[in-house]
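Below: the structure, in structure tokens.
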Amino acid sequence: MNDDFSVHFPAVAVGNLLDSIPHGIAVIDRELKIVLINEFLEALTGLALADVKGVYVDFVLRSNIAQRGRTFREVLASGEPLVIDGDIVSRDRRKIPMQFTLSPLRGDEDETVGLVIVLDDLTAVVASAGLSADHDQTDSIIGQSPKMREVFDLIPLMAHTEASVLITGETGTGKDKVAEAIHQRSSRAAKPFIKINCGALPESLLESELFGYVKGAFTGAVKDKPGMFRLAQGGTLFLTEIGDMPLPLQVKLLSVLDDREFFPLGGEKKIKVDVRIIAATHRPLKQRVAAGEFREDLYYRLNVLHLHLPPLRERETDTRFLLNHFLRLFAERTGNSAKTFSDESLALLMDYAFPGNIRELRNIVEYCVNICQSRRIEVEHLPKYLFSRLSPVAPPAPAALEPEARTMQSPASGKDWLAIEKDLIIETLTQTRGNRTKAAEILGWGRTTLWRKLKTHGLVNAPELSNTKEAA
Amino acid sequence: MKILLTVQDNSIAPRFDQATEVIIAEHDGRRLTAEPRTIILPHRSAEELSDLIVKEGVQCVVCGGIEDSFHKFFTWKKITVIDGVIGAHAEAMDKVCAGELRPGAILASAKQGE
């Protein structure tokens, strides 16, 4: 590290100051090596300052603006601040749009001794770019039915308390979005919002992800890992699929919620945490308590505030409202002219049960907008799998929803349909362990259609392709 | 095992989708079976790089930050991904051959290279 730097800026004082700022901040020296990163950036990158001090900045930021350091060197040379838009790849493998502000740091004799890089998350700006201001929506949660109005009224109330929140509702009802909306409207908004899926990881891994470990705690623990509780310090920890958390971990979670402190794996020193917990599940927790699969005491500890998100079939007027909303949104995004649903296609959609709720509805509308070349969306423009399910669909039991949930988890806002379709195929094939027949069944396509789409998306190996040609 | 490392100068490239150079090596479980090959990519494209990885029959990818969709794609293709690696590619290669490289590893060489 550049010695000049530490003379001008004592690390401890600057570090404390930077931790109080709700943006990712990195301080680098003239050699473009990390001097300091604040806690916010640690949470974003999953990298601890102690590990990355002295490391070249772009290995830490993982941005697309560095151009092998040229951008930073130009600011150092010119001494002029620079604001530039780009993105980073975060700890949880998300590409996050960012505005980078690069400002020179000056020493006593006005010489440039380094740079301060401030990262401003543009996700909200980018996400809302296609949405109009509307009183029937909170952030990106939309609805006008009485049940959703109740939810909208409750969100600010829940945001202004520190109590734990339990969000329940079927898959695709927007539990994640509500949790984020509560966090964004709370006094913790400037601090991290960390999400962890309790159903996605095996018990031992989940424990180390949540509570962290110390170096030497087990084979392979070659350095300290802070864990999600510490990364969410001062902010909100969102535990999704809490109903799937293994029983032994439930005990440890309850203890942390009660005492606000815990021992990391293999650690001898208690860590104090100030984290608000929001939990969500699509499983009936009360029944799981009765069956001995979920601890009663933890249930009551989490269930201080309870918010139930109604499924779409109970939201009366919302189906029509949401169809129109997404139709307008995707038509604008794709640059297509305004489209409408024909009476027949609208009647079919209104009769459909949407077991995947809003996620599914949104996917269907995006499909239609991309497939339909005329102004009116007719029945033939609707996804074919709807017709096999149009016979009255009973609301699925929560546990049985899982495969459906996985098939519908792909749509990330801002992606076009082809990208969503590709993600959907990959996710379904992962779920079926590569079994194409089963995947085709889940997706509601024939095997040939799936094969054609695999080829379209470049998901077929060259040897497989050549075998097919030879066979033909 | 065929290993691919995304590189930038002497280091593992910070991002998979920004990499313009890769090294491909083959390892028989004890040592490299041939001199590693360096391939310069015509431009930055995560999609084209993924195609290359599949076509080359790579079994292990070592890289920096990678988006979840590509990570899932490789997992589905039964390709091991060791991502989030920071450090010199030579050290990463030694470690991966010895079976000692883990995702998120910050190698000893990380503080020397740019």
Side-chain angles (χ1 to χ4, degrees), chain A residues 1 31-34 45-48 50-69 86-95 220-223 225 410 412 415 419-420 422-423 425-434 439 457-463 465, chain B residues 6 8-21 44-48 50-58 63-79 81 83-88 95 99-114:
Chain A
M1 191 196 313
E31 293 164 14
L32 310 186
K33 291 185 173 173
I34 294 286
T45 58
L47 298 167
D51 293 330
V52 297
K53 213 169 186 170
V55 172
Y56 170 60
V57 58
D58 205 42
F59 295 136
V60 178
L61 294 186
R62 290 167 185 151
S63 74
N64 64 343
I65 63 153
Q67 298 181 46
R68 299 185 176 224
D87 56 51
I88 64 161
V89 172
S90 69
R91 168 187 58 82
D92 49 358
R93 304 191 183 107
R94 280 184 305 135
K95 193 185 264 187
V222 290
K223 58 174 183 176
K225 182 184 169 85
S410 54
K415 282 190 172 182
I420 290 171
K422 186 176 177 182
D423 286 357
I425 294 170
I426 292 170
E427 209 147 328
T428 312
L429 281 165
T430 310
Q431 183 191 331
T432 61
R433 295 167 190 270
H457 292 296
L459 298 174
V460 183
N461 291 334
L465 268 177
Chain B
T6 58
Q8 176 179 305
D9 302 323
N10 294 324
S11 305
I12 297 293
R15 264 170 68 157
F16 180 81
D17 62 346
Q18 299 288 311
T20 52
E21 194 177 338
R44 296 185 175 103
S45 164
E47 284 79 12
E48 288 176 25
S50 302
D51 282 349
L52 174 79
I53 287 165
V54 173
K55 278 180 193 149
E56 285 276 344
V58 169
C63 59
I66 183 170
E67 273 187 272
D68 200 36
S69 54
F70 292 100
H71 190 274
K72 276 186 182 152
F73 171 71
F74 291 134
T75 307
W76 170 56
K77 284 283 183 187
K78 297 189 173 63
I79 297 169
V81 182
D83 65 332
V85 176
I86 302 179
K95 294 251 180 208
E100 291 170 359
L101 191 64
R102 301 279 173 269
I106 302 173
L107 306 175
S109 53
K111 301 197 178 184
Q112 285 133 39
E114 181 186 315

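What you see below is based on every heavy atom in this structure, not just the backbone, and it leaves out hydrogens, waters and symmetry mates. Quick note on labels: first sequence line is chain A, next is B, and so on, each numbered from 1. Fair warning: this is a prediction, and the values are worked out from it, not measured in the lab.
Top candidate by heavy-atom pairs under 4.5 Å with chain A, chosen from B/Gly64, B/Gly84, B/Gly87, is B/Gly84. In terms of heavy-atom pairs under 4.5 angstrom with chain B, the leader among A/Thr45, A/Val52, A/Asp87 is A/Asp87. The candidate from A/Asp92, A/Asp58, A/Leu61 with the greatest count of non-hydrogen atom pairs under 4.5 Å with chain B is A/Asp58. Listed options A/Thr430, A/Val57, A/Val89 were ranked by heavy-atom pairs under 4.5 angstrom with chain B; first place goes to A/Val89.
Contacts of B/Ile66 with chain A are made by both backbone and side-chain atoms, with heavy-atom separations under 4.5 Å. In this structure, the portions of B/Glu67 lying under 4.5 Å from any heavy atom of chain A include both its backbone and its side chain. Proximity to chain B (any heavy atom under 4.5 Å) is restricted, for A/Leu47, to the side chain, taken from C-beta onward. In this structure, chain A has no heavy atom under 4.5 Å from any part of B/Arg102.
Neither side chain, B/Asp9 nor B/Ser11, offers a donor N or O lying under 3.5 Å from an acceptor on the other.
Between B/Phe74 and B/Phe16, the two ring planes are perpendicular [angle over 60°; tilted spans 30° to 60°].
Listed by chain and residue number, nothing satisfies the salt bridge (Lys or Arg N to Asp or Glu O under 4.0 Å) test with B/Glu48 (two or more places apart in sequence, or in another chain). Residues that satisfy the side-chain hydrogen bond (donor to acceptor under 3.5 Å, both in side chains) test with A/Arg93, not counting sequence neighbours, are B/His71, B/Asp83.
The backbone N or O of A/Arg62 lies less than 3.5 Å from a partner atom in the side chain of B/Arg15, making a donor-acceptor pair.
Closest approach of B/Val81 and B/Cys63 over heavy atoms only: CG1-SG, 4.2 Å.
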